[in-house]
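Quick note on labels: first sequence line is chain A, next is B, and so on, each numbered from 1. FYI, side chains are in, hydrogens and waters are out, and symmetry mates aren't considered; it's all heavy atoms of this structure.
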Protein chains: 2
Amino acid sequence: MRPTTKDLAKAAGVSLATIDRVLNGRSGVRQKTVDAVNEAIERTGFQRNQVAATLARQKGYRFGFVLPRTGDEFLDVIIKHISEFDQASRAEMIATKVVRIDDHDPHRAAKTLSRLSAEDYDGIAIMAPETPQIRDALYRMRERGIQTVAFISNQQEEGSQPFVGIDNIAAGATAGRLMARFLGHTTGSILVLAETMQSRDSLERRLGFDKVMSREYPQFDALPTLETHGTAERTRLVLANAFAAHQDIVGLYIMGSEARVAIDLAQNLCGEEKIITIAHERTPSTEHALRAKTLDALINQDPGHIIRSAVRTLRAQCENRETLASQERIRIEILIAENL
Amino acid sequence: MRPTTKDLAKAAGVSLATIDRVLNGRSGVRQKTVDAVNEAIERTGFQRNQVAATLARQKGYRFGFVLPRTGDEFLDVIIKHISEFDQASRAEMIATKVVRIDDHDPHRAAKTLSRLSAEDYDGIAIMAPETPQIRDALYRMRERGIQTVAFISNQQEEGSQPFVGIDNIAAGATAGRLMARFLGHTTGSILVLAETMQSRDSLERRLGFDKVMSREYPQFDALPTLETHGTAERTRLVLANAFAAHQDIVGLYIMGSEARVAIDLAQNLCGEEKIITIAHERTPSTEHALRAKTLDALINQDPGHIIRSAVRTLRAQCENRETLASQERIRIEILIAENL
DNA sequence: CTCTTTTTGAGGTGCGTACCTCAAAAACTT
DNA sequence: AAGTTTTTGAGGTACGCACCTCAAAAAGAG
């Protein structure tokens with residue numbers, strides 16, 4: 001039988017009240033006593049029964065997913081998965097809510113964050129660009145006792161909060177390797193498309209992509225990143241210009257959003273010689289393109305896994321436990337038509 | 001506030017005892033009353049609080065993972081993950097144990113299964129070849145009230161129990177597509193290696209592989225499957241013979257175990273012209289080969305996901321709930337050196 | 001209608017923890 | 001040493017459900 005708090009109290013030679021104080025980090029306990037309890041925990045191998053604990057806490061866990069207000073199809077997919085998760089985990093007393101912030105106005109975004117109270121949230125997972133305002137808002141949030149985790153988009157301040165998402169440098173490298181291998185023995189230029197190079201994610205993907213391409217495949221010329229600013233018009237414009245300026249385009253790497261427009265357009269612009277196209281994130285559009293063979297491969301991070309991992313991570317923080325790093329690593333998925 | 005059993009009793013116009021009888025499928029309740037309670041469940045949107053339920057049940061859940069006694073590196077990986085999971089989920093009152101069965105002696109295997117009692121296991125996940133003996137043993141097991149789920153290797157009898165694992169036809173097709181795309185414009189023969197073609201998994205993978213190759217890439221000649229019987233000697237033998245008989249081998253698809261030996265050997269036998277090699281399942285060996293570029297791609301099913309999914313599925317059965325199919329789909333992962 | 005069987009109700013206990021109160025003990029202060 | 005503050009103990013309630021018993025009510029059989 002696993003030891004209970006009662007057993008632990010006996011083993012430590014203190015009362016249940018003291019055990020409770022130590023276990024839940026309440027004040028008013030001498031260090032000496034804390035040490036004695038911790039020693040007893042070690043000795044007896046006590047593990048708090050989370051099932052009983054959450055039942056007793058009564059108010060399960062409430063987590064917020066902070067997402068940008070503007071976004072692409074991928075964001076819709078994320079939101080859909082969050083609400084699915086919310087449904088499925090209500091029986092486990094975990095509630096998840098989506099909070100939107102102004103991604104183009106850091107001040108307003110920070111203000112929205114500052115309004116999130118510890119009364120309403122035990123933790124939040126945030127997907128946002130890294131600005132000083134947001135960094136500070138997150139810092140104050142943690143001071144208020146709300147756990148935080150960066151989510152899909154990493155924040156600079158490593159160490160202060162965990163990150164759940166893929167390694168974007170590796171993701172870029174993966175795209176690069178696939179691009180080169182699919183191209184085989186041809187040579188030519190490769191277009192690289194991003195929403196904006198202001199974002200850390202795009203920078204990292206490009207870095208990884210170039211690392212593979214320039215070192216191992218000098219026969220290809222990866223052109224400077226084209227920025228779409230997330231609009232269809234500009235995507236059309238920059239792509240048309242690029243195809244006009246370069247006659248030898250053999251590949252297209254779409255790092256960011258607006259994949260749909262780019263894929264369709266590239267189909268028309270490239271002539272009879274098919275170009276190899278690789279994009280990120282599975283959405284209805286990219287999935288369709290993969291099936292239609294207008295897209296050759298998709299680099300994906302599974303939204304379901306990310307969400308579950310973010311919640312596990314937040315919950316572990318709330319209960320100040322460690323997480324198994326190996327369980328929380330988000331895979332860089334390669335999707336082709338056959339393994340959709 | 002979510003309705004509790006008490007609220008439900010009031011809503012259905014019955015007592016708590018009756019609610020308990022219906023909810024836990026006990027006998028001695030008229031159908032009319034059962035219907036009334038179910039109607040009230042619908043109407044009030046009652047959802048049993050699993051946290052409280054498992055606490056009250058006192059004896060968490062005990063699940064067994066039935067694995068073959070003999071096996072390759074992949075099996076070791078699975079076992080490692082099961083014990084990791086066991087550690088991590090003890091706080092959630094879920095205990096998992098590994099049970100080994102004689103995979104070469106169906107009678108002994110069935111006997112081992114018949115000894116698993118409902119006293120000790122709430123459910124078992126089984127990875128075993130499909131034989132009549134095992135099928136019957138599983139049937140009787142379910143009659144004893146032990147939930148079952150097929151795991152990695154599917155059993156024929158679809159419908160009678162869920163399956164957690166990948167679609168092996170799709171996995172084979174994925175391997176085929178990658179093989180063809182990596183080979184590019186060359187032509188030649190492709191070797192296909194399996195432990196045995198007796199197993200359904202190998203048959204399905206081969207089926208998927210051929211579907212892609214023969215229909216879309218007639219320039220390649222996928223040779224008949226070579227069987228290694230899981231031994232290093234025989235692997236060496238069949239491979240050496242194959243390379244002697246065919247001078248135009250350009251690809252090697254390793255569907256089953258003994259990947260390590262096959263990869264190393266193929267390296268030596270193929271001469272200066274590198275052949276494209278694709279294998280299944282991530283293990284220390286295959287991972288190393290991928291890094292060393294002696295392996296071009298790996299088709300993988302994540303053991304961690306499979307185990308968690310199997311446990312979620314078993315637990316849902318115990319609580320006779322439905323599972324979200326979308327959450328339980330096991331991905332066919334494509335691994336290359338960059339996204340390890 | 002009576003007798004038997006089946007179905008239902010009322011009530012209780014316990015799971016392991018959180019969280020609360022109040023008093024008692026121990027530790028510091030001056 | 002007396003007073004003040006800090007630390008600890010004892011005890012309780014609650015969470016939502018499982019599981020148990022025993023008696024009462026209802027339904028069915030003859």
Side-chain angles (χ1 to χ4, degrees), chain A residues 1-37 40-41 44-61 90-95 122 315 318-321, chain B residues 1-38 40-41 44-61 90-95 122 145 315 318-321:
Chain A
M1 217 42 201
R2 281 179 45 185
T4 70
T5 42
K6 216 175 237 170
D7 302 324
L8 184 59
K10 205 171 298 171
V14 299
S15 74
L16 269 173
T18 302
I19 292 294
D20 174 60
R21 289 176 183 121
V22 174
L23 242 43
N24 297 298
R26 303 183 215 288
S27 60
V29 185
R30 270 184 307 170
Q31 189 55 45
K32 221 174 96 181
T33 316
V34 173
D35 294 341
V37 171
I41 290 178
T44 60
F46 170 83
Q47 266 189 293
R48 186 199 317 233
N49 183 330
Q50 290 301 346
V51 173
T54 49
L55 177 59
R57 281 180 81 250
Q58 182 46 11
K59 65 161 181 30
Y61 286 104
R90 283 178 48 189
E92 324 259 286
M93 299 171 71
I94 295 178
D122 299 296
R315 194 169 156 192
C318 289
E319 295 163 0
N320 71 80
R321 284 184 292 122
Chain B
M1 216 45 199
R2 280 179 43 183
T4 70
T5 42
K6 215 176 240 170
D7 303 323
L8 183 59
K10 204 172 299 171
V14 298
S15 72
L16 269 172
T18 301
I19 292 294
D20 174 59
R21 289 176 184 120
V22 174
L23 243 43
N24 297 297
R26 303 185 215 287
S27 60
V29 185
R30 269 183 308 168
Q31 189 55 44
K32 221 173 95 183
T33 316
V34 174
D35 294 340
V37 171
N38 282 327
I41 290 179
T44 60
F46 170 83
Q47 267 189 291
R48 190 199 319 233
N49 183 330
Q50 290 303 342
V51 173
T54 50
L55 178 59
R57 281 180 80 251
Q58 182 46 12
K59 65 162 179 30
Y61 286 104
R90 281 178 50 190
E92 324 260 285
M93 301 173 70
I94 294 177
D122 299 296
R315 196 171 153 190
C318 289
E319 295 163 0
N320 70 81
R321 284 184 292 122

Q | Atom-to-atom span, CG of Leu55(A) to P of dC15(C) - whole angstrom | A | 14 Å
Q: Might you work through the side-chain contact (heavy atoms from CB on, under 4.5 Å) test for Met93(A) and Tyr61(A), ending with a clear yes or no?
A: CA-CA 6 Å; Met93(A) 299 171 71; Tyr61(A) 286 104; over 6 Å; no
Q.
What is the distance, to the nearest angstrom, from the CD atom on Gln58(B) to the P atom on dC15(C)?
A. 6 Å
Q. Taking only residues two or more places apart in sequence, or in another chain, which ones meet Arg57(A) in a side-chain hydrogen bond (donor to acceptor under 3.5 Å, both in side chains)?
A. none
Q: Please list, chain by chain and in numerical order, all residues satisfying side-chain hydrogen bond (donor to acceptor under 3.5 Å, both in side chains) with Arg21(A), sequence neighbours excluded.
A: none
Q.
List the residues meeting side-chain hydrogen bond (donor to acceptor under 3.5 Å, both in side chains) with Arg2(B), not counting sequence neighbours, and say none if there are none.
A. none
Q: With the side chain of Arg26(B) defined as its heavy atoms from C-beta on, choose the nearest nucleotide among dC15(C), dC19(D), dC19(C).
A: dC19(D)
Q: Please determine, by modelled atom types, if Gln50(B) and Glu319(B) share a side-chain donor-acceptor pair under 3.5 angstrom.
A: yes
Q) How far apart are the closest heavy atoms of Phe46(B) and Thr4(B), and which atoms are they? A) CE1-C, 3.5 Å
Q | Steps toward side-chain contact (heavy atoms from CB on, under 4.5 Å) verdict (Lys10(A), Thr5(A)) | A | CA-CA 9 Å; Lys10(A) 205 171 298 171; Thr5(A) 42; over 6 Å; no
Q. Looking at residues 6-23 of chain B, who's got a heavy atom less than 4.0 Å off DNA chain D?
A. Asp20(B)
**Q.** Spacing of OG1 belonging to Thr54(B) relative to CZ belonging to Arg315(B), to within rounding of 0.5 Å
**A.** 6.0 Å
Between the protein and nucleotides 28-30 of chain D, which nitrogen or oxygen pairs come in under 3.5 angstrom?
none

Q) What is the distance from NZ of Lys32(A) to P of dT6(D), rounded to the nearest Å? A) 18 Å
Q) Do the side-chain N or O atoms of Gln31(B) get closer than 4.0 angstrom to the phosphate oxygens (OP1, OP2) of dT7(C)? A) no
Q. Do any of residues 44-52 of chain B sit with a heavy atom less than 4.0 Å from DNA chain D, and if so which?
A. Phe46(B), Arg48(B), Asn49(B), Ala52(B)
Q.
Whole angstroms only, please: what is the NZ-P distance between Lys59(B) and dC17(D)?
A. 18 Å
Q: Check the surroundings of atom NZ in Lys32(B): do more than 12 heavy atoms from other residues, nucleotides or ligands lie under 6.0 Å from it?
A: no
Q.
Pairing donors with acceptors under 3.5 angstrom, does anything connect the side chains of Arg90(A) and Asn49(B)?
A. no
Q: Rounded off to whole Å, could you give me the CZ-to-P distance for the Arg57(A) and dA18(C) pair?
A: 9 Å
Q.
By nearest heavy atom, map Val29(B) and Pro3(A) onto DNA chain C; which one lands nearer the 5' end?
A. Val29(B)
